[in-house]
Amino acid sequence: MTQEFTTLHALSLVLIGLLNLALAVVVLRTRTKADILPLSAFFAGIALWTIPQGFLLVETDPTVGFALAKTVDSGAVIMSTGLFHFALSYAGRQHWLSLRRLGPLYLVTTGWIVLTWTNPAHGLMHDPIQFTEVLLPVEAYQNPTYWLYVLYNWGLSAGGIYLFFLEYLDARGSGVYHKQARLVVLAPLIPGFANVLAHNEVTELNYSVWGFGLTGLLIVIALYQYRWLDLVPIARDTVIEGMRDGYLVVDDERRVVDRNPAAQSLLDDENVVGKTIDTVLPECLPLLEGSVQELTFDRNDAIVDASVSVVDDDQTAGAVLTLRDVTEQRRAEKRFQALIENVSDVVTVVDEDGTITYTSPSIETVLGYRPEDRIGESLFRVVHNDDRPAAIEEFNTLCEGPRMETRFEYRVRHRDGSWLVFEGIAVDLRDNDIVGGVVINSRDVTERNDRERELERTNRRLDEFAGVISHDLRTPLGIARTYVRFAESSTSQEDFQAIRDAHDRMEAMITNLLTMARAGTTLEDPSPIELESVATDAWAGLKTEDATLECELDDGWTVLGDRDQLLHVFENLFQNSVEHGSTASPEGGDAEGSLDLSTSPVTVRVSRLDGDADRGFVVEDDGVGIPTDQREFVFERGHTTSQSGTGFGLAIVRDVVEAHGWEIEVCEGADGGARFEINTY
């Protein structure tokens, strides 16, 4: 296949090589992805394959010709390797792009380059030839090893073209990307087909070298006419096509140039490519006009969040509209919001400093605060002073880890100044992109705790009642039975009196038990009670012997309480003073106990606590008082130093006082007697 070539032929090959060399440089300078490197290598390989061939047509020096020929052989294997590598990247065959798989490929390519340059030493590739006699000799002077080299190049090129063809099939019907894929397939296919024809002697000349000129032109068209590698990412079929979000690619004239299936599902028209956005999706015009960055609209019974990304550089100008179907998300948000707004629990979100960033509307019902009033305030501002240090320490421990949640119970101030007991769980969700804080779910357990304490008191009193019935009542009952037998045989009046005394003691105990049961531990319906009248009525109903009452309470001074229960308080305190205050050996703890009274009458005084009616009142006497070592026992049920006492008098006083929410304390009176201070504040 001899052929004489002119200088024009040589110049055309050089120009084709320079075109591809320019493409290699442009790709490297304008693209940043690592996947572009093999594409640049492909263009550089074409340049190394074509430019030396142009010089071979006019060069006669054997040494220069050898160098040019070896450059041609090296360019061919670089070209085919770069084509195959780029095809793998373009088609998204990520599992083939590892060093473990590509490393051997490049080692073989390097081996072929070394083998062809060292051919004079071993002659494995071909025999010496005259380089100006033929263009790309493929039969006359080649040895079998050279054919392996040719098959290697053809195999890599065919593999790359096959991968491009698969992408072309996947891109059919996708507008501009279909055209891009078509050009990408044709670019390497044309010179490859020409090379096959020449090797099979179908054509006299090997037109593949000029075919690569057409390859460069097609690549230029793909790059600048159809924006190849600008608006379409590598492996588009696996990245964009499979996304749940919709994408619309719009050019600078607001025409749709591409869309993915997710976007198509939101559109009424199936053929949207080439149409303007005001026809396809007019709701997104504000995004393209720049008046908003994001917007939400309803489309085909779906709620869509839309945003825009502008593409504007030296090569392209347009935008990508992102369409996200948030229908289920918004429904879930509404359900969650409805739950949060209608539950009685208070949900609070705070940052790591304890500053409130969100609180649920239920806070207004539970604590009286409007939600917006609490935003920006410290979580611990409404926590009780006694509970605050522990709450802060527990919160800091949660934020420092490693625990993700903690349980707590502390007192919180209501807007009206009262205190409620809150129980809840705090969960650290600061790393959550949506929440970004510590979520605290709190519940008002004040009434529950009160009921639990009431139940504990009730159970304790039931145990005490059972003890009284099983033990204390049996004692006088046994005495009565004994003296009944005595009386039957002796008919002595003293025996009958002992029986009557035992019955009186049992009656007093039963009366006190009923009083304790009726007193309860809380007030159901307190009302204003004039305290001075309660004290005088209680005194009038007692056998006070020669004792005197000095009532210094103001007329008309009232407290909130239960009159009948407060009457028991004064009766028992007065009885305790009268029966024990004037004795030589005071009981210091029982209203019913009795010892021998002295001849010195006792004076009982009722006055305001520290002279302040807002603080409470005092009942004291000028008797012998209560010893210090007995004061802590005087309010215990059953505690008495009298054989006839029941030990319930002062216990009843304590229960009634606590049921009113007050406190009682026993101490020494101003004249040395017993002093009972009742704090009502």
Side-chain angles (χ1 to χ4, degrees), residues 296 303 305 324 326-457 459 521-522 661:
T296 301
I303 302 174
D305 276 353
R324 175 168 296 177
V326 295
T327 307
E328 291 301 322
Q329 176 183 338
R330 294 302 168 86
R331 289 175 180 171
E333 289 174 355
K334 290 181 179 179
R335 286 196 299 268
F336 177 75
Q337 183 178 5
L339 289 173
I340 293 296
E341 292 180 353
N342 291 281
V343 297
S344 58
D345 291 1
V346 178
V347 179
T348 308
V349 181
V350 299
D351 60 19
E352 59 185 6
D353 297 325
T355 302
I356 296 175
T357 59
Y358 169 82
T359 185
S360 61
S362 56
I363 193 174
E364 188 166 6
T365 303
V366 178
L367 290 173
Y369 301 102
R370 293 184 302 176
E372 58 270 21
D373 294 340
R374 296 286 289 134
I375 303 300
E377 293 186 351
S378 172
L379 170 70
F380 308 105
R381 188 178 68 84
V382 295
V383 177
H384 195 282
N385 291 338
D386 295 341
D387 300 339
R388 189 174 300 155
I392 294 176
E393 181 179 359
E394 190 72 17
F395 179 81
N396 291 336
T397 301
L398 175 66
C399 291
E400 293 171 0
R403 290 186 303 168
M404 291 295 295
E405 70 174 52
T406 184
R407 298 178 181 271
F408 61 84
E409 183 174 305
Y410 51 74
R411 288 166 289 179
V412 175
R413 184 175 64 249
H414 193 279
R415 190 171 186 178
D416 62 11
S418 61
W419 293 97
L420 302 177
V421 180
F422 267 35
E423 176 189 73
I425 300 176
V427 181
D428 186 2
L429 296 178
R430 289 175 297 163
D431 293 335
N432 187 292
D433 294 336
I434 298 177
V435 179
V438 177
V439 179
I440 303 174
N441 188 73
S442 308
R443 175 175 299 176
D444 180 7
V445 295
T446 307
E447 293 185 1
R448 187 196 70 183
N449 288 1
D450 290 343
R451 289 194 299 269
E452 290 177 353
R453 286 193 292 269
E454 176 70 19
L455 181 60
E456 290 176 359
R457 295 191 192 103
N459 290 336
T521 57
T522 57

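Heads up: numbering here begins at 1 and tracks the sequence.
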Novice: What is the minimum heavy-atom distance between R370 and E364, and which atoms define it?
Specialist: CG-OE2, 3.8 Å
Novice: Taking all non-hydrogen atoms of both residues, which atom of S442 and which atom of Y410 are closest, and how far apart?
Specialist: OG-OH, 4.3 Å
Novice: If you measure from CZ on F395 to CD on E400, what distance do you get to the nearest 0.5 Å?
Specialist: 10.5 Å
Novice: My understanding is that only residues two or more places apart in sequence, or in another chain, count here; which of them pass side chain to side chain donor-acceptor pair (under 3.5 Å) with T365?
Specialist: none
Novice: For the CG atom of D386 and the CZ atom of R388, what is their distance to the nearest 0.5 Å?
Specialist: 9.5 Å
Novice: R411 pairs by side chain to side chain donor-acceptor pair (under 3.5 Å) with which of D387, T446, N385?
Specialist: D387
Novice: Heavy-atom count check: over 12 atoms from other residues, nucleotides or ligands less than 6.0 Å from E372 CD?
Specialist: yes
Novice: Might you point out which heavy atoms bring E352 and R430 nearest each other, and give the distance in Å?
Specialist: OE1-NH1, 3.5 Å
Novice: Do you know which two heavy atoms are closest between P371 and P361, and how far apart they sit?
Specialist: CG-CA, 3.7 Å
Novice: Between atom CZ of R407 and atom CG of N441, what is the distance when rounded to the nearest 0.5 Å?
Specialist: 10.0 Å
Novice: First locate atom OG1 of T348, then atom CG of L379, and finally report the distance between them rounded to the nearest 0.5 Å.
Specialist: 6.5 Å
Novice: Using side-chain heavy atoms (C-beta onward) and a distance below 4.5 Å, is T406 in contact with T397?
Specialist: no
Novice: What closest approach, in Å, do L398 and E405 show between heavy atoms, and which atom pair accounts for it?
Specialist: CD1-N, 3.5 Å
Novice: Within this structure, what is the OG1-CD1 distance for the pair T327 and I303, rounded to the nearest 0.5 Å?
Specialist: 5.0 Å
Novice: In sequence, state the C-alpha distance, the side-chain angles, and the governing distance for T359 and Y369, and then conclude on side chain to side chain contact (heavy atoms under 4.5 Å, CB included).
Specialist: CA-CA 10 Å; T359 185; Y369 301 102; over 6 Å; no
Novice: Not counting sequence neighbours, which residues clear salt bridge (charged side-chain N to carboxylate O under 4.0 Å, His left out) with R448? List them please.
Specialist: E423, E452
Novice: Where do S362 and D345 come nearest, in terms of heavy atoms and distance?
Specialist: OG-O, 2.6 Å
Novice: Rounded to the nearest 0.5 Å, what separation is found between the CD1 atom of I356 and the OG atom of S378?
Specialist: 7.5 Å
Novice: Can you name the one residue among T355, V438, T357 that meets side chain to side chain contact (heavy atoms under 4.5 Å, CB included) with V350?
Specialist: V438
Novice: Do F422 and D444 touch side chain to side chain, with heavy atoms closer than 4.5 Å?
Specialist: yes
Novice: Are E409 and N449 side-chain neighbours, meaning at least one heavy-atom pair lies under 4.5 Å?
Specialist: yes
Novice: Assess, by modelled atom type and distance only, whether the side chains of D416 and S418 contain a donor and an acceptor separated by less than 3.5 Å.
Specialist: yes
Novice: Are there over 12 heavy-atom neighbours, none belonging to R324, within less than 6.0 Å of that residue's CZ?
Specialist: no
